[in-house]
Amino acid sequence: MAQKIARLSEEVINQIAAGEVVENPASIVKELIENSLDAGATRIEVEIEGGGQHLIRVEDNGLGMSREDAILCLERHATSKIRKASDLFALATMGFRGEALAAIAAVSRFELKTSEGGEGTRVAPLEGIVEPCARNRGTSVFVRSLFHNVPARRKFQKSPSASAAQVVRAVETAALAHPEVSFSLISHREKLLSVEAGEKRERIETLLGPFREEVSSNQIWGLLAAPEEARGQRRGQYLFVNRRPVFSPLVARAVQTGYGTRLAEGLFPPFVLFLELAPEEVDVNVHPQKREVRFREEGKVFRRVEEAVAASFSSAPSPFVSPLSFEPPPFLSFSLREEETLASQEQEALPISFAEKPLFVFGHFLFVEKGGLWLIDLRRAEARILFEALRGRKGTAQALIWPLEIAADGEDLAEELQKMGIECRWIGKKTLAIDALPAPLEAADFPQFLTAWRENKKLEEAVCYRGKRRSYSLAEAISIWQQLMQCREKEGDPLGKPIWKEVEASDLERLF
Ligand code: ADP
Ligand code: MG
């Protein structure tokens, strides 16, 4: 039988690997700029033609390479940045896989000129040329006819202008993180971007426009847009970990939480944030494009970012109510009566007080941070609040705009409902008109509540099985939490099921 298995040639392997690193001109520009930064450049010049599809040129004044290194750097897994696997954990430089140049060279007409200060070297692998050349210290990389040998890739490239826009963003992102380096970008002899080395705030505002707030605590520095400038998309959000541009939903959410209720729901504030972490606290090796990071201690990072962001606002008055000074809505007055205040003094306090940090709501759970992570079941909390309001007739009855008409019968029904603070009257023999409800009970929930209650007249069950809501907003959740704090009993719902729980690391581990 004929042999079916063949070893792939080095060329094919490089082309396959290129698929991971080299997606489009912007990703090449990003890799080349990172190499220049790693080489200690203070001036980086980028030029493109045809959005980078015809030409990408990146030149720097960095350390340059020897003739030997200039040849070797085009081999896959050739890198000066790591020697053994354990180095991966303590990585301070940008690139480290030793893949980028080999991959780029595999899918383009590639040329390299480099010098350590003396005689330079020119390498043109396609023609098999390695020759001396004149060049000052530094490196120039030319990438021509991108994907000329990978038609499938070429077909999926964007239009030159869209592609150029991505390159602009790549250069801009690098420039944001490296104010000490001068950058320029030229397209068809037109200067698209040009910034001189300078100070970080000035660099950011030159590129992105003015920012109102400054975040500054140890290991975190950044600029934040005013809440009014928040937008419907995340585009203006830049995060750098150890000056590497990264993407982290965790940090984005921490920033969002730090803004608190200053932000309307669904809006994202533009920001530029820099985190400085010890290399072993970050794992950048999760994605070939190295865009996504993982943190060894996610909770700590989240808290630090959130606190730093919140602190930057503490001087400025908030246009909205901040969650930590949330005023209870007026209907809460039912439990603030004198007798109740006395009674609640005897109560054991909820282990999580309102001074803790509400993080976010997921479904019907409020996540709160206190040392560890706590979950509050909002449905059960609501049942408890409603139960105490109805049983104690403490709720301030709120008049309904339209009386609720309900088909019902039963001689004592109206009287029993009235005992719970529900104002109602018969209209005709079989129709009950509800005029006012104790505040925690909403008109929309009432029919289901009534059905549940009429089944066995057990208020405990009725409040627990009342209409189940699927999700809550953070503001609603905080309000429920506050009302719970005013309850006589805070531990469980009227049927004795726990309202809150601490989530321990072992609980999370069991999930995996
Ligand atoms: P990596 O950056 O992951 O090491 P690359 O393929 O991007 O892999 O680069 C391979 C090697 O070539 C680098 O480790 C570095 O030694 C050298 N190199 C690449 N670009 C430059 C540059 N602009 N200046 C100096 N050396 C460079
Ligand atoms: Mg590299």
Side-chain angles (χ1 to χ4, degrees), residues 10-11 13-23 25-47 56-85 87-108 110-125 130 133 135-143 146 170-171 173-174 177-178 181-184 242-246 279 284-291:
E10 187 70 8
E11 193 192 340
I13 292 172
N14 281 339
Q15 283 186 5
I16 293 170
E20 284 186 17
V21 189
V22 184
E23 209 181 318
S27 59
I28 292 177
V29 167
K30 170 184 168 286
E31 290 291 338
L32 296 178
I33 288 178
E34 289 187 349
N35 281 348
S36 297
L37 291 168
D38 283 344
T42 58
R43 178 166 291 278
I44 299 175
E45 225 180 276
V46 182
E47 182 182 355
I56 298 169
R57 172 176 67 86
V58 175
E59 296 199 12
D60 68 53
N61 62 353
L63 290 173
M65 284 177 268
S66 67
R67 181 189 151 95
E68 291 69 36
D69 281 351
I71 297 166
L72 201 61
C73 76
L74 295 181
E75 276 176 33
R76 202 153 118 81
H77 304 306
T79 175
S80 55
K81 296 164 196 171
I82 53 170
R83 286 285 178 264
K84 50 187 194 297
D87 291 349
L88 280 175
F89 294 106
L91 206 78
T93 51
M94 296 280 185
F96 55 86
R97 301 158 142 255
E99 274 182 353
L101 290 187
I104 296 165
V107 294
S108 69
F110 186 90
E111 187 186 341
L112 177 80
K113 285 182 189 167
T114 186
S115 158
E116 293 179 305
E119 190 181 56
T121 308
R122 173 174 174 259
V123 182
V130 180
C133 75
R135 200 202 184 283
N136 291 333
R137 198 193 76 160
T139 303
S140 311
V141 173
F142 301 83
V143 179
L146 184 59
V171 177
T173 304
H178 297 275
V181 178
S182 302
F183 285 88
S184 69
N242 299 342
R243 297 227 260 166
R244 181 196 301 275
V246 292
V284 284
N285 201 11
V286 291
H287 190 274
Q289 290 257 55
K290 294 171 265 163
R291 279 278 288 151

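Bear in mind that the values here come from a model prediction, so they are computed numbers and not experimental data. First listed ligand is number 1; within each ligand, the first listed atom is number 1.
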Under the rule for side chain to side chain donor-acceptor pair (under 3.5 Å), what residues qualify as partners of Arg122, not counting sequence neighbours?
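Expected list: Glu111, Glu131.
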Which residues pass the side chain to side chain donor-acceptor pair (under 3.5 Å) test with Ser108, sequence neighbours left out?
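Here no residue qualifies.
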Atoms in ligand 1 flagged as close to Ala39, the criterion being non-hydrogen separation under 4.0 Å:
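Near Ala39, the atoms of ligand 1 are 24 (N), 25 (C).
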What are the atoms of ligand 1, with element, lying closer than 4.0 Å to any heavy atom of Thr139?
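The atoms of ligand 1 under 4.0 Å from a heavy atom of Thr139 are 22 (C), 23 (N), 24 (N), 25 (C).
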Is the shortest distance from a heavy atom of Asp60 to ligand 1 less than 4.0 Å?
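For ligand 1, residue contact (heavy atoms, under 4.0 Å) with Asp60 is present.
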For ligand 1, is Met65 a contact, meaning one of its heavy atoms is under 4.0 Å away?
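Yes; Met65 lies near enough to ligand 1 that a heavy-atom distance drops under 4.0 Å.
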Starting from the C-alpha separation in whole Å, work towards a yes-or-no answer on salt bridge (charged side-chain N to carboxylate O under 4.0 Å, His left out) for Glu59 and Lys113.
CA-CA 9 Å; Glu59 296 199 12; Lys113 285 182 189 167; over 6 Å; no
Can you find an N or O of Asn35 that's nearer than 3.5 Å to an N or O of ligand 1?
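Yes, since at least one N or O of Asn35 sits under 3.5 Å from an N or O of ligand 1.
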Counting only heavy atoms, which portion of Ala100 has something under 4.0 Å from ligand 1: side chain, backbone, both, or neither?
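Both parts.
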Under the side-chain contact (heavy atoms from CB on, under 4.5 Å) rule, what do Met65 and Thr121 come out as? Steps first, then yes or no, please.
CA-CA 8 Å; Met65 284 177 268; Thr121 308; over 6 Å; no
Atom pair OG1 (Thr139) and CG (Leu112), whose distance is rounded to the nearest 0.5 Å:
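Spacing of OG1 (Thr139) from CG (Leu112) equals 6.5 Å.
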